[in-house]
Colleague: 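Just dropping this structure here.
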Amino acid sequence: MSAKNIIITGGAGFIGSHVVKRFVKNYPDLHIINMDSLTYAGNLENLTEIELAPNYEFIRMDITDSHAVNAFFSSRPIHGVIHLAAESHVDRSIVNPIEFVMTNVVGTVVLLNAYKTFGHTDQGRFYHVSTDEVYGTLGDEGKFTEQTPYQPNSPYSASKASSDHFVRAYYETYHLPIVISNCSNNYGSHQFPEKLLPLMIHNIKNKNPLPVYGKGENVRDWLWVEDHARAIEKIYFEGKVGETYTIGGNNEWKNIDLVYKLCEIMDRKLHRDLGESCKLITFVTDRKGHDFRYAIDASKLEKELGWKPSVAFDQGFEKTIDWYIENKNWLDHVTSGSYTAYYESMYSKG
Ligand code: NAD
Ligand code: DAU
């Protein structure tokens, strides 16, 4: 019998590349197809360690191209889909919401339709990887659970909320076997340096200003990306069809405290005087509609599927910083070309 085909969309991005590598290594009997259009955030350098694996295949495809997607799904049996492809950066969504509607909403519906029409839906599932930002913002107390009403505040989170609703609608209307997860902020290797941590690491290395939005009081919950990938693996195989799982690190940090911690560690690693990098901190205009706090109650996932974070934050954080310091070429490649123009347009006005 031939191997089951699982499509992982967005597998050249930050989280997707960790998920693809995990599935390729752990499941030699599955054929893993990485479907990615390679936007600025997609990078095949993230996948070099598995690119020659016999159970791995890369296909460059835009998920909004329904003709191409349908043709691909009808060309061979597709047993399951793990859907991560997205426009993922909140700041970019504030500048250009339409792109987020196209990829995150239209692209998701194109995939749902293709899987419903051509997929071997009795032998897999459509797993939609989503974000805790769909729930809006918290005050000082409380945590998001699977029951928290949706209240997205940014164009990014509105597009992800919409895609979540479509996925759920395909379950209710067509009985498509779906699962959804909503996760908090991931940190780890291979993250594009538009997001807080790799951007700050890159700037500290180059002794450039560290742009902290507002007063840096906003709070995020941080999860080691490999722990997210582990949760995705568990939910894909063991999650209950039709259900949602929230995923988090139980690890809340005020942005400014996290940046201070990062500066301190980087000073040590780069053999600089303690306190040198903190001097680079610059408070800049706040993000529009900036959600104050995210926190996750992941007890459903813990109780039902036995998942919990495996890596202590101090350990994961050091490992992450080491990776960006040791992988200078990777950081140089992704910050060349259009990155400079992006950075200028976002940060030159302070
Ligand atoms: P990313 O921006 O690093 O990667 C996105 C990937 O999707 C890239 O490889 C890109 O080329 C691909 N892509 C974008 N548009 C596409 C299109 N039209 N067709 C095909 N491929 C396309 O994103 P990430 O941070 O790895 O996030 C992955 C998923 O996880 C997203 O759905 C995001 O909403 C979700 N998520 C992210 C976080 C986080 O902290 N980064 C947390 C929770 C959920
Ligand atoms: O919560 C999950 C979400 O986490 C994911 O769905 C998103 O894809 C992912 O990008 C992330 O969203 P955030 O907006 O929380 O991440 P970001 O790294 O952009 O910002 C983290 C915090 O740091 C946020 O409060 C804004 C702040 N920030 C960010 C940048 C880029 C700064 O203060 N300065 C910056 O330059």
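Since we're looking at a predicted model, the values are computed, not measured. Along the sequence shown, residues carry numbers from 1. For ligands, and for the atoms within them, numbers begin at 1 and follow the listed sequence. The basis for the numbers below is simple: all heavy atoms, side chains too, and nothing from hydrogens, waters or symmetry mates.
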Colleague: Between the side chains of Arg92 and Glu194, is the shortest nitrogen-to-carboxylate-oxygen separation below 4.0 Å, so that they form an ion pair?
Modeller: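 Answer for the salt bridge query: yes.
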
Colleague: Can you tell me how the ring of Phe14 sits relative to the ring of His18, calling it parallel under 30°, perpendicular over 60° and tilted otherwise?
Modeller: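 Ring orientation of Phe14 relative to His18: perpendicular.
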
Colleague: For Leu196 and ligand 2, does the shortest N/O to N/O distance drop below 3.5 Å?
Modeller: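 Between Leu196 and ligand 2, an N or O pair is found under 3.5 Å apart.
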
Colleague: Apply side-chain contact (heavy atoms from CB on, under 4.5 Å) to residues Phe192 and Val334 and explain how you reach the verdict.
Modeller: CA-CA 7 Å; Phe192 191 78; Val334 298; 4.0 Å; yes

Colleague: Which heavy atom of the protein is the closest neighbour of atom 38 (C) of ligand 1, given with residue, atom name and distance?
Modeller: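 So the nearest neighbour among protein heavy atoms is Ile15 CD1, 3.5 Å.
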
Colleague: Have a look at ligand 2 and work out which part of Ser88, if any, has a heavy atom under 4.0 Å from it: side chain, backbone, both or neither.
Modeller: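 Both the backbone and the side chain of Ser88 come within reach of ligand 2.
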
Colleague: Have a look at Val134, Val225, Val129 and point out the one with the heavy atom closest to atom 35 (C) of ligand 1.
Modeller: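 Among Val134, Val225, Val129, the closest heavy atom to atom 35 (C) of ligand 1 belongs to Val129.
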
Colleague: Heavy-atom contact under 4.0 Å between Gly214 and ligand 2?
Modeller: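 For ligand 2, residue contact (heavy atoms, under 4.0 Å) with Gly214 is absent.
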
Colleague: What part of Phe100, side chain, backbone, both or neither, has a heavy atom within less than 4.0 angstrom of ligand 1?
Modeller: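 Neither; nothing of Phe100 gets under 4.0 Å from ligand 1.
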
Colleague: Go through ligand 2 atom by atom and flag the ones less than 4.0 Å from a non-hydrogen atom of Tyr156.
Modeller: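 Under 4.0 Å from Tyr156, ligand 2 has these atoms: 5 (C), 6 (O), 7 (C), 8 (O).
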
Colleague: Can you spot which of Asn250, Asp221, Asp297 makes a side-chain hydrogen bond (donor to acceptor under 3.5 Å, both in side chains) with Lys143?
Modeller: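 Single pass found, and it is Asn250.
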
Colleague: Evaluate the ring planes of Trp323 and His190, with Trp represented by its six-membered ring, and classify them as parallel (under 30°), tilted (30 to 60°) or perpendicular (over 60°).
Modeller: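 Correct class here is tilted.
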
Colleague: In terms of atom number and element, which parts of ligand 2 are under 4.0 angstrom from non-hydrogen atoms of Cys183?
Modeller: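 Within the 4.0 Å cut-off of Cys183, ligand 2 contributes 2 (C).
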
Colleague: Assess Arg125 against Tyr115: is NZ or CZ under 6.0 Å from the centre of the six-membered ring, and within 45 degrees of the ring's axis?
Modeller: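 No.
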
Colleague: Which atoms of ligand 2 have any heavy atom of His89 under 4.0 Å away?
Modeller: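 Those qualifying, in numeric order: 19 (O).
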
Colleague: Quick one: does ligand 2 sit under 4.0 Å from the side chain of Asn185, the backbone, both or neither, non-hydrogen atoms only?
Modeller: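 Looking at Asn185 and ligand 2, atoms from backbone and side chain both fall under 4.0 Å.
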
Colleague: Should you measure from each heavy atom of His290, which atoms of ligand 2 turn up under 4.0 Å away?
Modeller: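 Contacts of ligand 2 toward His290, numbered from 1: 24 (C), 25 (O), 26 (C).
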
Colleague: Please confirm whether the backbone N or O of Ser310 pairs with a side-chain atom of Asp227, one donor and one acceptor, at under 3.5 Å?
Modeller: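 Pair found, side chain donor or acceptor close to backbone of Ser310.
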
Colleague: Would you call the rings of Phe237 and Tyr27 parallel, tilted or perpendicular, taking 30° and 60° as the class edges?
Modeller: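 The arrangement is tilted - the two ring planes meet at 30° to 60°.
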
Colleague: Is there a chain of hydrophobic side chains (I, L, V, M, F, W, Y, each step under 4.5 Å between heavy atoms) that links Val109 to Phe73?
Modeller: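 Val109 clusters together with Phe73.
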
Colleague: Of the protein's non-hydrogen atoms, which lies at the shortest distance from atom 23 (O) of ligand 1, and what is that distance?
Modeller: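 Going by distance alone, atom 23 (O) of ligand 1 is nearest to Ser88 OG, 3.3 Å.
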
Colleague: Identify the protein heavy atom lying closest to atom 18 (N) of ligand 1, giving its residue, its atom name and the separation to 0.1 Å.
Modeller: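 Looking at atom 18 (N) of ligand 1, the protein heavy atom closest to it is Asp62 OD1, 2.9 Å.
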
Colleague: Please state which protein non-hydrogen atom is closest to atom 33 (C) of ligand 1 and give its distance, to 0.1 Å?
Modeller: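 Ranked first by proximity to atom 33 (C) of ligand 1 is Tyr156 OH, 3.5 Å.
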
Colleague: Heavy atom to atom 12 (O) of ligand 2, shortest distance: which of Glu133, Arg92, Arg220 holds it?
Modeller: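 Comparing heavy atoms across Glu133, Arg92, Arg220, the nearest one to atom 12 (O) of ligand 2 lies in Glu133.
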
Colleague: Ignoring hydrogens, just give me the one of Asp132, Leu199, Asn255 whose non-hydrogen atom is nearest atom 1 (O) of ligand 2.
Modeller: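 Answer by nearest heavy atom: Asp132.
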
Colleague: Ligand 1 and Thr103, any nitrogen or oxygen pair closer than 3.5 angstrom?
Modeller: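 Min N/O separation from ligand 1 is below 3.5 Å for Thr103.
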
Colleague: State which residue, out of Thr108, Thr246, Asp164, fulfils the side-chain hydrogen bond (donor to acceptor under 3.5 Å, both in side chains) condition with Ser130.
Modeller: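 By the side-chain hydrogen bond (donor to acceptor under 3.5 Å, both in side chains) criterion, Ser130 pairs with just one of Thr108, Thr246, Asp164: Asp164.
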
Colleague: Atom 33 (O) of ligand 2: which protein heavy atom is closest, and how many Å away?
Modeller: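 Atom 33 (O) of ligand 2 sits closest to the protein heavy atom Tyr213 N, 2.8 Å.
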
Colleague: Which ligand 2 atoms does Val212 reach within 4.0 Å, using its non-hydrogen atoms?
Modeller: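 Within the 4.0 Å cut-off of Val212, ligand 2 contributes 33 (O).
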
Colleague: Out of all atoms in ligand 2, which are within 4.0 Å of some heavy atom of Tyr347? Include the element for each.
Modeller: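 Once the distances to Tyr347 are compared, the set is 30 (C), 31 (C), 35 (C), 36 (O).
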
Colleague: For atom 16 (C) of ligand 1, which of the options Gly10, Gly11, Ser37 provides the nearest non-hydrogen atom?
Modeller: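 Nearest option to atom 16 (C) of ligand 1, by heavy atoms: Ser37.
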
Colleague: Tell me: protein heavy atom nearest atom 43 (C) of ligand 1, and distance?
Modeller: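 It is Cys183 O, 3.3 Å.
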
Colleague: Give the residue, atom name and distance (to 0.1 Å) of the protein heavy atom nearest atom 32 (O) of ligand 1.
Modeller: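 Checking every protein heavy atom, the shortest distance to atom 32 (O) of ligand 1 gives Lys160 NZ, 2.6 Å.
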
Colleague: Return the residue, atom name and 0.1 Å-rounded distance of the protein heavy atom closest to atom 40 (O) of ligand 1.
Modeller: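 Here the nearest protein heavy atom works out to Asn186 N, 2.9 Å.
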
Colleague: Of the listed options (Gly42, Gly248, Gly13, Ala86), which comes nearest to atom 7 (O) of ligand 1 when hydrogens are ignored and any heavy atom counts?
Modeller: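 Closest candidate by heavy-atom distance is Ala86.
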
Colleague: Taking N or O atoms only and a 3.5 Å limit, does Pro211 qualify as a polar contact for ligand 2?
Modeller: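 Looking only at distances, the answer is yes, because the N/O contact criterion of under 3.5 Å is met.
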
Colleague: Got an N/O contact under 3.5 Å between Met35 and ligand 1?
Modeller: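 No, Met35 has no N/O under 3.5 Å of an N/O on ligand 1.
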
Colleague: Kindly identify the option in Lys195, Gln191, Arg287 whose heavy atom sits closest to atom 19 (O) of ligand 2.
Modeller: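 Nearest option to atom 19 (O) of ligand 2, by heavy atoms: Arg287.
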
Colleague: Which of these, Leu305, Ile180, Ile232, Asn182, sits in a side-chain contact (heavy atoms from CB on, under 4.5 Å) with Tyr245?
Modeller: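 Single pass found, and it is Leu305.
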
Colleague: Identify, for atom 28 (C) of ligand 1, the protein heavy atom at the shortest distance, and state residue, atom and that distance.
Modeller: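 Looking only at protein heavy atoms, the one closest to atom 28 (C) of ligand 1 is Leu84 O, 3.4 Å.
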
Colleague: Hey, is Glu194 one of the residues with a heavy atom under 4.0 angstrom from ligand 2?
Modeller: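 Yes.
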
Colleague: Establish, for the pair Arg287 and Tyr213, whether the NZ or CZ atom is under 6.0 angstrom from the six-membered ring centre and no further than 45 degrees off its axis.
Modeller: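 No - Arg287 does not lie over the ring of Tyr213 by the 6.0 Å and 45° rule.
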
Colleague: Determine whether the side chain, the backbone, both or neither of Asp132 has a heavy atom under 4.0 Å from any heavy atom of ligand 1.
Modeller: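 For Asp132, there is no contact with ligand 1 at all, from either part.
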
Colleague: Can you say whether the rings of Tyr150 and Tyr135 are parallel (under 30°), tilted (30 to 60°) or perpendicular (over 60°)?
Modeller: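 Aromatic pair Tyr150/Tyr135 classed perpendicular.
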
